[in-house]
Amino acid sequence: MLETVDVGRQSVDVLGPTVGGDVISGLRALAAPLRGARVLHLNATPYGGGVAELLRSEVPLLRDLGLEADWKVITGDRDFFSVTKTLHNALQGAERTLTEHEKEVYLTYSTRNARLLEGEYDLIVAHDPQPLAIPQFYGRGDVRWLWRCHIDTSEPNPSLWDFLRPYLDDYDAAVFTLGSFVPPGFPVERVEIIPPAIDPESPKNFALDPGTAGRVLRWIGVETERPLITQVSRFDPWKDQPGVIEAYRLIKEEVPSLQLALVGSMALDDPEGWEVYRRIKEAARRDPDIRIFTNLTGAGNIEVNAFQRLSDVVIQKSIREGFGLVVSETLWKGTPVVAGEAGGIPLQMQDGAGGYLVRTIEECARMALRLLRDPDEGEALAARGRELVRRRFLITRLLSDELSLYASLLG
Ligand code: UDP
């Protein structure tokens, strides 16, 4: 049996004060025809990374809206997750492809996971490449399959794409974050574009008064009276933490009291994370003002909330990015962002809202320094960013888009 992630139920009404009663009644109306629909979300990890973050918020709300929603994670050993990480990287354009042995590992686990997938469902949503091949080996009952791709697959490695493409044949629809992410020759006819969103009521995003946020950061050793820049992201080559360290060093020449926090998480499905973590530790050695925090040493949701709230500037120097939930999370807290112009990030910082988009380390340093020197400008940019998030990137909008799609697939 695949592991079910125990997430309970959360009333959508708690979102009412933030999004308005009309939005909540609109959601209930959209969900009414789906009452009792059995919907399963299937992904590779219960924690670490944006997909787990989304499902943790979404599944309990879907339950409150009357769906029988479940969340399960697939099984795999270290070999399998190394293969799927290679798949992930190669779908985002990395040079690497799979050996025959690695393909065999992927398909062996896909078959095993299909066999272990119990329960009766009307719709199964498979997230990202890890569970992608399962429908082909499942072959039971009258299930609709939806592939939810969270990464930038606009230029997938061609030989890897040739390997994966046939396994998409069993899908009824696919969802991407941006239109430009749909790869050439994509075989699923029905494609929807639905960007992710954040949950303003999760402990990561709910209001935290500055006094409490300050206590949280001081307790873990941050000096809150000194300037602070932070990046929050998985330890992953595309997130470019080494570039953040270089940018920090440039800024520190001008602002000697500057501190840098790199808050990173390890995910169950990401063996590469440890290697990246070791390299970053090495790069940060001998500078006590660079602090590295992980979910394994207690930097959880409240700590991330406090960092995103109290940092002077949050950096997200991604080179490739699916959406980058961290950007909306930060803007929601009124903190300006300096971020790589990659994937879904520009969508969240349209028309200059929220901060600055950058392409190089030097530009990253320059724009962060500018915001450190002019907090009023940062505050004004962040306020516009927060407004954009309120309009477009809160979870109620995501639920509404997804419910409409589910209804049309199950109707
Ligand atoms: N995250 C976290 N702790 C960390 C690093 C990341 O809780 O140390 C969370 C972060 O707040 C966000 C998610 O992991 O909710 C990352 O999602 P994003 O879309 O930014 O990137 P992904 O990891 O999916 O590529």
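Ligands are counted one by one from 1 in listed order, and the atoms in each one are counted from 1 as well.
Distances below 4.0 Å separate heavy atoms of Arg234 from the following atoms of ligand 1: 22 (P), 23 (O), 25 (O). Of all atoms in ligand 1, listed by their number and element, those nearer than 4.0 Å to a heavy atom of Glu53 are 15 (O). Taking every non-hydrogen atom of Val232 and a distance limit under 4.0 Å, the qualifying atoms of ligand 1 come out as 4 (C), 5 (C), 6 (C). Residue Glu329 approaches ligand 1 through these ligand atoms, each under 4.0 Å from one of its heavy atoms: 10 (C), 11 (O), 12 (C), 15 (O).
Closest to atom 5 (C) of ligand 1 among all protein heavy atoms lies Ser265 OG, 3.4 Å. Gly264 C, 2.9 Å is the protein heavy atom nearest to atom 8 (O) of ligand 1. Among protein heavy atoms, atom 20 (O) of ligand 1 sits closest to Leu325 N, 3.1 Å.
The shortest N or O to N or O distance between Gly50 and ligand 1 is under 3.5 Å. Of the N or O atoms in Lys204, one or more lie within a sub-3.5 Å distance of an N or O in ligand 1. Residue Gly48 has no nitrogen or oxygen atom sitting less than 3.5 Å from a nitrogen or oxygen atom of ligand 1, judged on distance alone. The distance criterion of under 3.5 Å between nitrogen or oxygen atoms is not met by Ala299 with respect to ligand 1.
Between Lys72 and Glu3 there is no salt bridge, since none of the side-chain N atoms of the basic residue sits less than 4.0 Å from a carboxylate O of the acidic one. A salt bridge links Asp289 with Lys252; the closest basic N to acidic carboxylate O contact falls under 4.0 Å. Classification of Glu102 and Arg96 as a salt-bridged pair holds, one side-chain N sitting under 4.0 Å from a carboxylate O. The pair Arg397-Asp401 counts as a salt bridge, with a side-chain nitrogen and a carboxylate oxygen less than 4.0 angstrom apart. A salt bridge is defined here as a Lys NZ or Arg NE, NH1 or NH2 lying under 4.0 Å from an Asp or Glu carboxylate O, and Arg359 with Glu341 meets this definition. Looking at Glu275 and Arg279, a side-chain N of the basic residue comes within less than 4.0 Å of a carboxylate O on the acidic one, giving a salt bridge.
One side chain, Asp70 or Tyr121, offers a donor N or O that lies under 3.5 Å from an acceptor on the other.
Note: Tyr171 and Trp145 have perpendicular aromatic rings, judged against thresholds of 30 and 60 degrees for the angle between ring planes.
Of all the listed residues (Val326, Ile345, Asn205, Leu54), Val326 holds the heavy atom that lies closest to atom 10 (C) of ligand 1.
Taking 4.0 Å as the cut-off, Gly322 does not count as a neighbour of ligand 1 on heavy-atom distance. At least one heavy atom of Val304 sits closer than 4.0 Å to an atom of ligand 1.
With contacts defined as side-chain heavy-atom distances shorter than 4.5 Å, the pair Asn205/Asn305 does not qualify.
Looking at Lys239 against ligand 1, only its side chain comes within 4.0 Å, counting heavy atoms.
With Asn301 as the partner, the side-chain hydrogen bond (donor to acceptor under 3.5 Å, both in side chains) test is satisfied by one option alone out of Arg56, Glu53, Lys204: Lys204.
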